[in-house]
Each structure stands twice: as C-alpha cells, then as structure tokens.
Amino acid sequence: MSGEHASVPVAARVRRLEERLIDAGVVGQDQLDAVLASMLKGATPLNGARIVARAWSDDGFRARLLADANAALPEVGLSMRGGIQEQRLKVVANTPRTHHVLVCTLCSCYPIGLLGPSPSWYKSEAYRSRVVREPRAVLAEFGLHLPDDTAITVWDSSAESRYLVLPRRPDGTGGLTEPELAALVTREGLIGTAAV
C-alpha cells in the first residue's frame, strides 16, 4: 500500500475504488448495490446462534464443528462461501478455564454471513488495539468480568480466516430446544465480549 493511502480509512478507500470503477464504466452503482444486498441477504447473528445451539445439543456436531467448522456448517444449512473465495472458519470453545475473544487488528475481518454486519465498536481502532493488549480490561468495559484464573485468548481474523466463539452453555438449560437455546445467544457472545 502506498504511503499516501495508508492514513485514509478503509471505507474511504473502498468508496474511491467504487467511484473509479463506476466512472470507467466497469460497473454501475445499481450493480454494486445488488452485489452488496445479495451478500448481506441472510447474514444475521441468528446463523451463529443456530450453530451454537446445535453444538450445545449434539456432542457429535460439536466435535465436528471444532475439528473442521467449514465441513460441519452444511449440517445446519450454512457455509463460508460467498465473495471471491471461501474463507476458513475456526470455532473456538470457551471453557471454565479459558475464554476467547475475536478481533481483526488490521481492519474489520469478520464472518458477516454468520454474525451479520459487524458492530461499529468492532471496527474501531480503540477496540482493535486495546483488546490485544489488555483483553481483561476491555471485556470488563463490556460488562464481562472473568475470574482472575480464567485465561483469555485473543483470535485475530484475517482475509482468509475467520473465527467464531462457542460460548459455554448456561446452567439450567438442559430442557430447552435448539430454537430456545439459539434465542439465548447474542452476537457479542459469538465474538467473545459477552458470556453468551
């Protein structure tokens, strides 16, 4: 990347590229809007919640999901296809002793199809830099206070690899159905800034 563009926000650089493509007649604004609408169709945190609910309900699916998430996703009617290339998804499971949190330190790489459009705080420079240096403090700011003996692992997404947190199943949910379990899962839980 040339020095003159390094300080320009990614969104501004993308918009400049769009404008150049439109001006050159390579693509029209309507075509760009249609591609974006198609990409976002069905992109919702409910997809990630369905994955978690299945993993909480089906130990075999959970094992397959943790071993090879891309291969397991079709079992719930989802995939990481879309866009230019298929992205690799790794699912990381929280345990009583380990908590995972996601970030993209370079920009805002994020599994949109499974979590919906990313929240503004996920894209902020403050979150991207601080969660790596002081994850416990950042999680506390989100209202998530973890015991001192809980290890926190920060996963850095990239253009090729995306991550999803498998939160711990809440106590007392043994009799719930998958849809009822899915209703408990938040986007923040899938990112790791909340317990569920």
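Just so you know, these numbers use all the heavy atoms, side chains as well, and skip hydrogens, waters and symmetry mates. Along the sequence shown, the residues carry numbers beginning at 1.
With Leu190 as reference, Leu115 is the one residue of Val165, Val91, Leu102, Leu115 to meet the side-chain contact (heavy atoms from CB on, under 4.5 Å) rule.
Between Ala195 and Pro167, the closest heavy-atom pair is O-CB, 3.2 Å. Of all the heavy atoms in Leu66 and Ala93, the pair that sits closest is CD2-CB, 4.0 Å. Between Val196 and Trp56, the shortest heavy-atom distance links the atoms CG1-CH2, 3.8 Å. Nearest heavy-atom pair across Val154 and Pro135 is CG2-CB, 3.9 Å. When all heavy atoms are compared, the tightest approach of Ser157 to Cys109 is CB-O, 3.5 Å.
Residues Leu89 and Leu164 have side chains in contact (heavy-atom distance under 4.5 Å, counting atoms from C-beta outward). Contact of the Ser158 side chain with the Tyr163 side chain is not registered, since no non-hydrogen atoms from C-beta on lie closer than 4.5 Å. Annotation: side chain of Pro119 is in contact with side chain of Arg187 (closest heavy-atom distance under 4.5 Å). By the 4.5 Å heavy-atom criterion applied to side chains, Val185 and Ile51 are not counted as neighbours. Counting heavy atoms from C-beta outward, Leu181 and Ser57 have side chains that approach closer than 4.5 Å.
Annotation: Arg97, atom CZ; neighbour count of heavy atoms from other residues, nucleotides and ligands within 6.0 Å does not exceed 12.
Remark: the Arg88 side chain and the Ser161 side chain contain an N/O donor-acceptor pair separated by less than 3.5 Å.
Atom OG of Ser118 sits about 8.0 Å away from atom CD1 of Ile191, to the nearest 0.5 Å.
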Q) When you look at Lys90 and Trp155, which way does the side-chain contact (heavy atoms from CB on, under 4.5 Å) test go after all the steps? A) CA-CA 10 Å; Lys90 179 170 180 59; Trp155 295 87; 3.7 Å; yes
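A tilted orientation is assigned to the rings of Tyr122 and Tyr127, their planes being inclined by 30° to 60°.
Salt-bridge check for Glu178 with Arg50: failed, with every basic side-chain N at 4.0 Å or more from each acidic carboxylate O.
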